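Please read all numbers here as calculations on a predicted model, not as lab measurements.
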Amino acid sequence: NLLDEIGFDLAVDPTTPLLNRAAQGLYPPGSLWNTLAGATGAGGMLLPEGITSINRLLGFSEAPSLRLQVAEPTGNGDPLRVSPLQVALAGAGLSAGGIRPAPLLATAVNTPIQGWVILPPLGEAVQAMPTVEAEETAASLIPVGETYWQVKTTITDVQTTVSWFLGGTPPGWLGSPLVVVVLLEEDNPALAAYFGLELLSEAVSP
């Protein structure tokens, strides 16, 4: 309600409070990359062309096709930085038999003139990981006594410190596969995991 009064200050705020971090923020993936790359079947010493191929499979080399402004990928030799949206799409493969889904913000909108208008995805689903490797990787990430596979990590580079949580439903899940990503711009992986697991639990058992 105060946007007219404070909009300019928000626009020039160095903490970028108006940035849609889920789709437009770019962050180092750290060890998340190793986990997801391993599920693609890559192993051993990776040559540059192999890394490029893995990033293409994971959707890290191009901006997701979405009816929303999204961050363009890093390139020209810069260190890899990805958005939480890209991590969510890549991580979905661990819960969906290796399939990286096409991003979709809404399935339909109710318009005043046309009524309900279907909004199909702008892209296509991709077999990013072999099914066996995806399911084995997911199973290996389920802590003893827990229900969901999960990865949490903190990365510090020259620009920022971030904590990631990536988790999802396990192989053989009887409902719809579900993945949750939490990113905190601080060194607190335990808090990121707490939020992520709470979201997963609430989503599957509302």
Side-chain angles (χ1 to χ4, degrees), residues 15-17 19-40 54-55 57-60 64 66 68 70-71 73 80-106 125 128-129 133-157 159-206:
T15 64
T16 58
L19 181 71
N20 177 359
R21 283 164 165 76
Q24 295 175 270
L26 289 173
Y27 306 92
S31 60
L32 287 181
W33 189 91
N34 298 327
T35 299
L36 296 169
T40 66
I54 289 171
N55 284 336
L57 283 171
L58 297 177
F60 290 168
L66 196 63
L68 184 74
V70 296
L80 178 67
R81 299 174 80 84
V82 295
S83 68
L85 171 61
Q86 288 174 293
V87 171
L89 294 170
L94 298 181
S95 288
I99 301 294
R100 173 167 58 86
L104 186 63
L105 187 64
M129 309 163 183
E133 279 81 354
E135 293 182 348
E136 288 180 348
T137 299
S140 72
L141 297 172
I142 303 174
V144 175
E146 297 290 337
T147 302
Y148 312 111
W149 64 264
Q150 51 192 275
V151 183
K152 57 183 177 181
T153 185
T154 293
I155 305 101
T156 299
D157 67 6
Q159 297 184 36
T160 186
T161 295
V162 297
S163 297
W164 289 97
F165 170 85
L166 172 63
T169 50
W173 185 258
L174 297 180
S176 297
L178 180 67
V179 165
V180 167
V181 174
V182 175
L183 178 126
L184 301 180
E185 294 177 336
E186 60 181 86
D187 182 2
N188 200 336
L191 183 60
Y194 171 78
F195 289 147
L197 291 171
E198 287 290 308
L199 288 168
L200 270 171
S201 298
E202 182 64 24
V204 301
S205 301

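Proximity of L166 to T35: side-chain heavy atoms (C-beta onward) are nowhere separated by under 4.5 Å. Inter-residue side-chain proximity for P101 and L89 is flagged as met; some heavy-atom pair is nearer than 4.5 Å. Residues N55 and W33 have side chains in contact (heavy-atom distance under 4.5 Å, counting atoms from C-beta outward). With a 4.5 Å cut-off on side-chain heavy atoms, D157 and R81 count as touching. When side chains are defined from C-beta on, L36 does not count as touching R100, because their heavy atoms never get closer than 4.5 Å. Here the side chains of V87 and Y27 are not in contact, with every heavy-atom distance at 4.5 Å or above.
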V180 and Y148: side-chain contact (heavy atoms from CB on, under 4.5 Å), yes or no, with the steps?
-> CA-CA 10 Å; V180 167; Y148 312 111; over 6 Å; no

Can T154 and D187 be said to form a side-chain hydrogen bond (donor to acceptor under 3.5 Å, both in side chains), step by step?
-> CA-CA 6 Å; T154 293; D187 182 2; 3.3 Å; yes

For Q150 and L197, run side-chain contact (heavy atoms from CB on, under 4.5 Å): C-alpha distance rounded to whole Å, both residues' side-chain angles, the deciding distance at 0.1 Å, then the answer.
-> CA-CA 9 Å; Q150 51 192 275; L197 291 171; 3.7 Å; yes

Given side-chain contact (heavy atoms from CB on, under 4.5 Å), test T147 with W173 step by step and report yes or no.
-> CA-CA 10 Å; T147 302; W173 185 258; 4.0 Å; yes

Check step by step if side-chain contact (heavy atoms from CB on, under 4.5 Å) holds for N20 and L68.
-> CA-CA 10 Å; N20 177 359; L68 184 74; 3.6 Å; yes

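The two residues I155 and G30 make their nearest non-hydrogen contact at CG1-CA, 3.5 Å. Scanning all heavy atoms of the two residues, the minimum distance from P189 to S163 falls at N-OG, 3.4 Å. Here the shortest heavy-atom pairing between P170 and I142 reads CB-CD1, 3.6 Å. Of all non-hydrogen atoms in P84 and L183, the two that sit nearest each other are CG-CB, 4.4 Å. Closest approach of T16 and R21 over heavy atoms only: O-NH1, 2.7 Å. The two residues I99 and A125 make their nearest non-hydrogen contact at CG2-CB, 3.8 Å.
In this structure, Y194 OH and L184 CG are separated by 13.0 Å, a value rounded to the nearest 0.5 Å. How far CD1 of I54 is from CG of N34: 9.5 Å, rounded to the nearest 0.5 Å. Taking NZ of K152 as the start and CG of L141 as the end, the distance is 12.5 Å to the nearest 0.5 Å.
Remark: side-chain polar atoms of W164 are paired, donor with acceptor, to backbone N or O of P28 under 3.5 angstrom. In this structure, the side chain of T169 engages the main chain of L178 through a donor-acceptor pair within 3.5 Å. With hydrogens and angles disregarded, a donor-acceptor distance shorter than 3.5 Å links the side chain of S83 to the backbone of Q86. In terms of modelled atom types and a separation under 3.5 Å, the side chain of T40 and the main chain of A37 share a donor-acceptor contact.
In summary, the side chains of S95 and W149 do present a donor paired with an acceptor at a separation below 3.5 Å, with no hydrogens or angles considered.
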